[in-house]
Amino acid sequence: MVDRDPEPRRGDQGAAPIAGRNVELERQNPDLLVPPTTDSRLVPNLKFSFSQAHTRVEKGGWTREVTVRDLPVATQLAGVQFGLEPGAYREIHWHQESEWAYMLSGSARISAVDHEGRNFIEDVHAGDLWFFPQGIPHHIQALQEGAQFLLVFNDGGFSENNTFLLSDFFAHVPKPVLAKNFGWTLDQLDDLAQREKYIFAGDVPPPLSTDRVVSPTGDVPRSFKHRMLAQTPQHFRGGTVRITDSTNFAASTTTAAALVEVEPGGMRELHWHPTTDEWQYYISGRGRMGVFAASAAARTFDFQAGDVGYVPFAYGHYIENTGDEPLVFLEMFRHPRFEDISVMQWLANTPHEVVSDTINVSRSLVDALPQTKQVVI
C-alpha cells in the first residue's frame with residue numbers, strides 16, 4: 001500500500017491540500033497539520049530544529065546554534081551543538097555566560113583555570129556533564145573517538161560565534177605589548193596567529209596522567225565535571241528520570257537539568273515549573289508536547305531527535321512518546337534547583353471534595369490518585 005500524503009482533514013472538516021507544500025515537514029509535524037481539537041487560540045511557536053540552523057564548518061569540526069533569533073520565545077537559554085574530529089580543538093576561550101554541557105557521543109578532554117590559578121583537567125565521555133562559570137577560561141579537545149556535545153548558555157541571546165578567544169585576543173594586542181607581558185622577544189612571535197582559530201585540527205592528546213599541570217594554588221574546589229548518566233535513575237511506570245542540579249553537582253550554580261526517558265506508550269506527566277522557563281533538547285525517539293498557556297490558549301507540537309522545545313514559565317504541559325522506541329530528552333532550567341508542580345500530586349493533596357466539585361468527576365476517582373510525584377506515567 002502506498003502511504004498517502006497527509007491532508008488537513010478531520011472527519012468532515014477541512015479540505016484537500018493545495019499545491020505548494022512540504023510533505024516531509026508535514027509528516028514530521030502532524031499535530032500542526034491536523035491539531036487536536038483541544039488546541040485553541042494563539043500560542044507562540046515553541047519548537048525549532050537544529051537541522052534548520054546555520055552550520056559553521058571549520059577544519060576539524062562544525063557547530064550550529066539555536067538562540068532567540070531562531071526561537072524568539074526562548075529568552076532565557078540558548079543551545080549549541082558541536083562535532084569535533086579526533087584531536088580537534090575548541091580553542092581556549094571564555095564567556096560572559098555560564099556554559100553547561102552534555103556529552104552526546106565520543107569523548108573529550110576539558111580544562112579550566114579559575115581566578116586564583118586553581119586548575120581543572122578531566123576527560124568526559126557520553127552521558128557526562130561539565131559546567132564552566134561565566135568568565136572562567138577553558139578548552140575542549142576531542143579524544144580518539146571524536147566528540148559530539150551540546151552546550152547550553154544562560155542567555156537566550158547568546159551566540160557561540162561571539163566568544164572571547166585567546167587567538168583573537170592576542171591578534172589584537174600589539175606584539176611589543178605581548179613580548180613585554182610574557183618576557184618574550186619579537187622574533188619569538190613571528191608565527192603568532194593573526195586571526196581567531198575557534199575550531200582547529202590537532203593531535204589526539206596523551207594519557208590524562210601525563211597531560212596534567214600541577215598548579216601551586218591547587219585544584220578548583222568544586223569539580224566542573226559530573227557523570228549524569230551514571231546517576232541511579234528514578235524509576236516510574238512509564239520510564240526514568242535523572243535530575244542534576246546544584247544539590248548533586250555543586251559547581252552548576254545557574255543551571256539545572258533532568259534527563260528523561262519515556263517508554264513507548266508512556267508520558268511525561270501533566271506538570272508545570274513554578275520558577276523559570278524550560279528549554280528542551282530531544283536526543284532520540286519521537287514525541288509530542290501539549291502546552292496550556294491560560295485563557296483557553298493551547299497548542300500541540302511534535303518532536304524528534306535534534307529538535308529544541310521551549311516552555312515559558314508556569315505553562316502547563318505534557319510530553320507523550322508517539323513512537324515505538326524510548327523518547328529521550330533533556331529539560332534545562334536557568335535556576336540552581338530543579339522544581340516542578342505535578343498536577344496529579346497537587347490534586348491528590350488538595351481536599352478531594354474540592355477537586356471533585358471543580359472538574360466534575362466522582363470523589364472515588366480523586367481518592368485513588370497517588371500522593372507522590374509520578375513524573376513519567
Side-chain angles (χ1 to χ4, degrees), residues 54-65 80-99 101 106-124 130-149 151 153 155 158-220 224-225:
H54 172 80
T55 303
R56 177 176 178 174
V57 180
E58 302 282 350
K59 187 174 182 179
W62 57 266
T63 183
R64 55 191 183 183
E65 64 185 20
V80 182
Q81 281 183 331
F82 259 96
L84 296 178
E85 294 180 351
Y89 289 91
R90 170 65 173 100
E91 78 155 286
I92 298 173
H93 64 286
W94 67 101
H95 311 283
Q96 292 177 321
E97 301 79 12
S98 60
E99 173 181 304
S107 56
R109 182 157 300 163
I110 57 176
S111 74
V113 178
D114 74 5
H115 62 288
E116 294 186 15
R118 297 172 297 192
N119 65 358
F120 166 87
I121 179 168
E122 285 288 347
D123 290 345
V124 286
W130 70 79
F131 180 85
F132 294 129
Q134 62 189 37
I136 296 295
H138 54 280
H139 97 287
I140 306 159
Q141 185 179 16
L143 298 179
Q144 62 273 9
E145 308 164 77
Q148 291 200 30
F149 47 92
L151 306 180
F153 296 89
D155 181 352
F158 169 84
S159 174
E160 177 63 18
N161 297 314
N162 255 345
T163 51
F164 295 88
L165 304 173
L166 180 63
S167 58
D168 190 31
F169 184 17
F170 281 13
H172 292 86
V173 176
K175 286 186 179 180
V177 174
L178 289 173
K180 181 184 295 185
N181 189 84
F182 295 106
W184 298 334
T185 66
L186 290 177
D187 291 343
Q188 290 171 322
L189 297 175
D190 283 346
D191 296 326
L192 188 74
Q194 297 301 301
R195 58 182 296 274
E196 68 173 35
K197 299 180 77 172
Y198 191 77
I199 294 173
F200 61 99
D203 297 326
V204 173
L208 182 61
S209 59
T210 63
D211 212 19
R212 291 193 182 279
V213 176
V214 178
S215 170
T217 53
D219 298 333
V220 294
F224 294 142
K225 169 186 173 181

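All of these numbers come straight from a predicted model, not from anything done at the bench.
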For [X] and [Y], work out which heavy atoms get closest and say how close.
{"X": "Gln148", "Y": "Gly83", "answer": "CG-CA, 4.1 Å"}
{"X": "Asp203", "Y": "Gln141", "answer": "O-NE2, 2.8 Å"}
{"X": "Ile110", "Y": "Val124", "answer": "CD1-CG1, 3.8 Å"}
{"X": "Gly61", "Y": "Ile199", "answer": "N-CG2, 3.7 Å"}
{"X": "Ala147", "Y": "Ala108", "answer": "CB-CB, 4.2 Å"}
{"X": "Leu208", "Y": "Glu122", "answer": "CD2-OE1, 4.1 Å"}

Within the structure provided, determine whether [X] and [Y] are in side-chain contact (heavy-atom separation under 4.5 Å).
{"X": "Val177", "Y": "Lys180", "result": "no"}
{"X": "Glu85", "Y": "Trp62", "result": "no"}
{"X": "Phe149", "Y": "Ile140", "result": "yes"}
{"X": "Leu192", "Y": "Leu178", "result": "yes"}
{"X": "Phe158", "Y": "Gln96", "result": "no"}
{"X": "Lys225", "Y": "Phe131", "result": "no"}
{"X": "Leu143", "Y": "Pro205", "result": "yes"}

Looking only at the side chains, is there a donor atom on one of [X] and [Y] sitting less than 3.5 Å from an acceptor on the other?
{"X": "Thr163", "Y": "Arg90", "answer": "yes"}
{"X": "Gln81", "Y": "Arg64", "answer": "yes"}
{"X": "Ser107", "Y": "Glu145", "answer": "yes"}
{"X": "Glu91", "Y": "Ser167", "answer": "yes"}
{"X": "Trp130", "Y": "Glu99", "answer": "yes"}
{"X": "His139", "Y": "His93", "answer": "no"}
{"X": "Glu65", "Y": "Ser159", "answer": "yes"}

- Report the distance from atom CD of Glu160 to atom CZ of Phe82, rounding to the nearest 0.5 Å.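 Between atom CD of Glu160 and atom CZ of Phe82 there are 4.0 Å.
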- Item | Between NE2 on residue His172 and CD on residue Gln194, distance to nearest 0.5 Å |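 Reported value, rounded in 0.5 Å steps: 9.5 Å.
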- Show the numbers, then the answer: is there a side-chain contact (heavy atoms from CB on, under 4.5 Å) between Ile136 and Trp94? CA-CA 6 Å; Ile136 296 295; Trp94 67 101; over 6 Å; no
- Message: Are His95 and Phe153 an aromatic pair, judged by ring center distance below 6.0 Å?
- Response: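 Yes, ring centres under 6.0 Å apart.
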- Distance flag, aromatic centroids of His138 and Phe224, threshold under 6.0 Å: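 No: the rings miss the under 6.0 Å criterion.
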- May I ask you to say whether Arg109 pairs ionically with Asp211, meaning some side-chain N is under 4.0 Å from a carboxylate O?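 Looking at Asp211 together with Arg109, the answer is yes, because their closest N to O distance falls below 4.0 Å.
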- Describe, in one word, how the ring planes of Phe120 and Phe132 are oriented to each other, choosing from parallel (under 30°), tilted (30 to 60°) and perpendicular (over 60°).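 Perpendicular.
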- Task: For the pair Thr63 and Val80, evaluate side-chain contact (heavy atoms from CB on, under 4.5 Å) and give the outcome as yes or no after the intermediate values.
- Result: CA-CA 7 Å; Thr63 183; Val80 182; 3.2 Å; yes
Expected output: side-chain [X] to main-chain [Y] donor-acceptor under 3.5 Å:
{"X": "Thr217", "Y": "Gly117", "value": "yes"}
{"X": "Asn119", "Y": "Val213", "value": "yes"}
{"X": "Arg212", "Y": "Ile121", "value": "yes"}

- Stepwise side-chain contact (heavy atoms from CB on, under 4.5 Å) test for Leu84 and Tyr89: CA-CA 7 Å; Leu84 296 178; Tyr89 289 91; over 6 Å; no
